[in-house]
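Written below as structure tokens is the structure these notes are about.
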Amino acid sequence: MIFYYEWKKLFLKKTLLCVLLIFTVIDIAKAWQEYRTSTYLTDDKAPDMMSWSEAYWMLYPEYRGEITTDKMNDFLEHYRPLEEKISDLTASSIADNPDYMTGSAWQDYYLLERYYAKPMKYFYQYGNKAGRVAKKAKENASFYQKHGNVYESRKNAMIYHLYHDRTVKEFAYTEMYHYYLYYDFSDVLIFLLCIYGIARVFSCEKEAQMEELNVVSVNGGKRLVGYKILAVLLYTACISCWFALVDFFSFAVFFRSLEGENMPIYAIENFSCSAVTCTIGQYAIISFFARTLGFFVFSMIFLTISELCKNALTPFVISVALCIIVIFTGDYFAHSSHIIWKVINPYFLITNRTLFCETEFVNFFGNPVFSYEAALVWGAAACLFFACIVWLLSKRNVLWSKKGRRKHHADIEV
């Protein structure tokens with residue numbers, strides 16, 4: 001019951017709900033803009049001709065599913081003549097030719113090239129590329145083992161087991177997931193909502209001199225702080241979950257597809273070196289939990305700042321400044337070889353594709369550990385650490401502690 005009242009007092013406010021609603025509308029609008037500026041599968045078309053979207057989805061049932069020789073040959077029968085005309089510059093520039101799906105040989109070619117030829121080639125060749133990586137890793141593991149380098153031998157053995165049986169046997173539309181997994185705008189909105197809701201948790205009470213009353217109430221002191229910590233974590237989880245759902249359904253509606261969720265994550269070309277072997281749908285769930293853990297860490301940091309400050313404005317300013325520093329630092333180290341900075345910076349749990357799309361290791365007492373595993377463990381430890389700091393910094397309930405009750409009863413008897 002106390003937890004519910006703390007949750008209601010802190011976060012069930014009209015102003016906070018209004019901000020959440022406004023941010024949701026902004027997020028949907030941004031997702032729409034991402035759709036319009038990213039994909040070519042729109043309904044824009046010449047009169048009486050198919051749009052790229054209509055043409056693509058008309059052909060899609062013929063080529064989706066298992067990649068077979070018959071399907072490849074059938075596709076090449078349509079694609080090769082167009083490719084020859086384009087390369088020879090003999091293709092007509094007429095925009096309403098009924099012999100072509102989109103009314104133009106050029107548009108037909110670019111449609112087939114971008115959405116069928118390139119992904120089919122990548123899917124078909126990926127198994128061979130992964131096999132070469134596995135073979136080289138196996139050779140390296142043997143080489144390092146012979147020369148007594150245990151760490152490098154173990155690392156290459158892990159790479160071999162990760163890549164040796166990787167293949168992409170099916171063709172499916174993955175464009176929606178590609179842009180969804182690279183969409184970061186909602187992270188900024190979650191940061192702002194977390195700061196807005198959490199930075200005031202302790203500072204407002206101190207400013208209103210309510211802190212002295214809390215330490216003498218029955219459920220006050222550290223017990224009340226424990227409920228506040230749980231309320232903050234629940235608030236953060238709800239905000240993260242809400243925007244994850246808004247993002248996912250916005251992209252699904254705008255791109256009008258959920259195809260590809262059962263494809264392996266490395267079917268997305270930017271994840272070709274991914275350190276995980278799950279499906280795209282499973283990765284989206286893993287990414288959500290990793291992102292939420294990252295926000296948990298920041299929420300505990302914001303709560304610690306709020307506990308240390310005596311007015312409501314200071315923790316807000318400090319938290320915003322901290323976020324800016326962390327984000328710029330994260331962008332700086334995103335593509336660097338300093339893997340340890342990716343592990344200890346909780347920002348990389350939020351934009352976790354940086355951790356998951358590469359096969360990187362950290363040396364843990366001579367044992368290779370995947371960077372994403374180390375980051376998850378570090379994030380959980382950091383969240384617990386800052387939660388403990390908040391609890392330790394809070395005042396005890398002196399009046400209602402056991403020692404305090406004994407002193408209180410003794411005074412009454414006297």
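Under a cut-off of 6.0 angstrom, the local environment of CD in Glu83 is crowded, with over 12 non-hydrogen atoms contributed by other residues, nucleotides or ligands. At most 12 non-hydrogen atoms from other residues, nucleotides or ligands lie less than 6.0 angstrom from CZ of Phe289. For Tyr182, the OH atom counts as densely surrounded, since its 6.0 Å shell holds more than 12 non-hydrogen atoms of other residues, nucleotides or ligands. Crowding of Lys71 atom NZ: a count of heavy atoms from other residues, nucleotides or ligands under 6.0 Å exceeding 12.
The shortest side-chain heavy-atom distance between Arg256 and Ser53 falls under the 4.5 Å cut-off. Side chains of Tyr196 and Phe23 form no contact here, defined as non-hydrogen atoms less than 4.5 Å apart. Inter-residue side-chain proximity for Phe251 and Tyr35 is flagged as unmet; no heavy-atom pair is nearer than 4.5 Å. Here the side chains of Met300 and Ile229 are in contact, with some heavy-atom distance below 4.5 Å. The shortest distance between side-chain heavy atoms of Thr15 and Val19 does not fall below 4.5 Å. Within the 4.5 Å cutoff, the side chain of Met101 has heavy atoms near those of the Leu59 side chain. Contact annotation: the side chain of Ile318 never approaches that of Leu308 to less than 4.5 Å [non-hydrogen atoms, C-beta and beyond]. For the pair Val150 and Tyr144, the minimum side-chain heavy-atom distance is 4.5 Å or more.
Distance alone, capped at 3.5 Å, is enough to place a donor-acceptor pair between the Ser299 side chain and the Phe296 backbone. Proximity of a side-chain donor or acceptor of Ser104 to a complementary backbone N or O of Trp106 within less than 3.5 Å is detected. The closest donor-acceptor contact from the side chain of Asn149 to the backbone of Glu152 lies under 3.5 Å. Ser306 contributes a side-chain N or O that, together with a main-chain N or O of Ala199, makes up a donor-acceptor pair within less than 3.5 Å. Under a 3.5 Å cut-off, the side chain of Ser319 and the backbone N or O of Phe302 do not form any donor-acceptor pair. No donor-acceptor distance shorter than 3.5 angstrom exists from the side chain of Ser240 to the backbone of Thr236, with no hydrogens or angles considered. One N or O on the side chain of Thr24 and one on the backbone of Leu20 form a donor-acceptor pair closer than 3.5 Å.
Glu259 pairs in a side-chain hydrogen bond (donor to acceptor under 3.5 Å, both in side chains) with only one of the listed residues (Tyr177, Tyr60, Tyr173), which is Tyr60. A side-chain hydrogen bond (donor to acceptor under 3.5 Å, both in side chains) with Glu175 is found for exactly one of Tyr40, Tyr180, Tyr115, namely Tyr115. Tyr116 pairs in a ring pair (Phe, Tyr, Trp, His ring centres under 6.0 Å) with only one of the listed residues (Tyr124, Tyr109, Tyr56), which is Tyr56.
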Evaluate side chain to side chain contact (heavy atoms under 4.5 Å, CB included) for Asn352 paired with Tyr283, printing each intermediate quantity in order.
CA-CA 11 Å; Asn352 50 75; Tyr283 172 76; 3.2 Å; yes
Run the side-chain hydrogen bond (donor to acceptor under 3.5 Å, both in side chains) test on Thr359 and Tyr163 for me, step by step, so that the C-alpha distance in whole Å, both residues' side-chain angles and the decisive distance to 0.1 Å come before the verdict.
CA-CA 10 Å; Thr359 303; Tyr163 283 86; 2.9 Å; yes
Yes or no on ring-ring contact (aromatic ring centres under 6.0 Å, His included) for Phe348 and Tyr372, after CA distance, side-chain angles and deciding distance?
CA-CA 9 Å; Phe348 286 104; Tyr372 76 86; over 10 Å; no
Verify side chain to side chain contact (heavy atoms under 4.5 Å, CB included) between Phe123 and Glu170, making sure each step is shown before the conclusion.
CA-CA 8 Å; Phe123 295 161; Glu170 296 184 348; over 6 Å; no
Any chance you could lay out the side chain to side chain contact (heavy atoms under 4.5 Å, CB included) test for Lys135 and Lys138, step after step, and finish with the verdict?
CA-CA 5 Å; Lys135 182 181 178 182; Lys138 188 176 182 179; 5.7 Å; no
With side chain to side chain contact (heavy atoms under 4.5 Å, CB included) as the test, would you mind laying out the steps for Arg291 and Ile190 before giving the verdict?
CA-CA 11 Å; Arg291 183 171 83 155; Ile190 297 173; 3.8 Å; yes
Phe356/Phe271 under ring-ring contact (aromatic ring centres under 6.0 Å, His included): CA gap, chis, key distance, verdict
CA-CA 8 Å; Phe356 287 107; Phe271 284 81; 8.4 Å; no
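Between the side chains of Thr329 and Trp341, no donor-acceptor pair is found at a separation under 3.5 Å. Neither side chain, Thr277 nor Tyr266, offers a donor N or O lying under 3.5 Å from an acceptor on the other. Side-chain contact check for Asp187 and Tyr347: no donor-acceptor pair (N or O, by modelled atom type) lies under 3.5 Å. With hydrogens and angles left out, the side-chain atoms of Arg154 and Asn367 include a donor and acceptor closer than 3.5 Å. Looking at Tyr79 and Asp74, their side chains never bring a donor and an acceptor atom within 3.5 Å of each other. For the residue pair Asp27 / Tyr183, a side-chain donor-acceptor distance below 3.5 Å is found, with atom types taken as modelled.
The CE atom of Met58 sits 10.5 Å away from atom OG of Ser51, with the distance rounded to the nearest 0.5 Å. Taken from CZ in Phe298 to CZ in Phe386, the straight-line distance is 9.5 Å, to the nearest 0.5 Å. For the atom pair Thr37 OG1 and Tyr179 OH, the distance stands at 8.0 Å (nearest 0.5 Å). Remark: Ile159 CD1 to His161 NE2 distance equals 11.5 Å, nearest 0.5 Å. To the nearest 0.5 Å, atom CG of residue Asn140 and atom CD of residue Gln145 are 12.5 Å apart. Leu233 contributes atom CG, which lies 11.0 Å from atom SG of Cys238 (distance to the nearest 0.5 angstrom).
In terms of heavy atoms, Val343 sits closest to Trp378 at O-CD1, 3.5 Å. For the residue pair Ser250 and Ala31, the shortest heavy atom distance occurs at CB-CB, 3.9 Å. Closest approach of Thr279 to Asn262, counting heavy atoms only: CG2-O, 3.7 Å. In terms of heavy atoms, Ile28 sits closest to Phe254 at O-CE1, 3.6 Å. Between Val276 and Ile265, the shortest heavy-atom distance links the atoms O-CG2, 3.6 Å. Taking each heavy atom of Ala130 and Arg166 in turn, the nearest pair found is CB-CB, 3.8 Å.
Judged by the 6.0 Å and 45° rule, Arg114 forms no cation-pi pair with Tyr110.
Using a 4.0 Å cut-off between charged side-chain N and carboxylate O, Glu269 and Lys118 make no salt bridge. A salt bridge links Asp184 with Arg353; the closest basic N to acidic carboxylate O contact falls under 4.0 Å.
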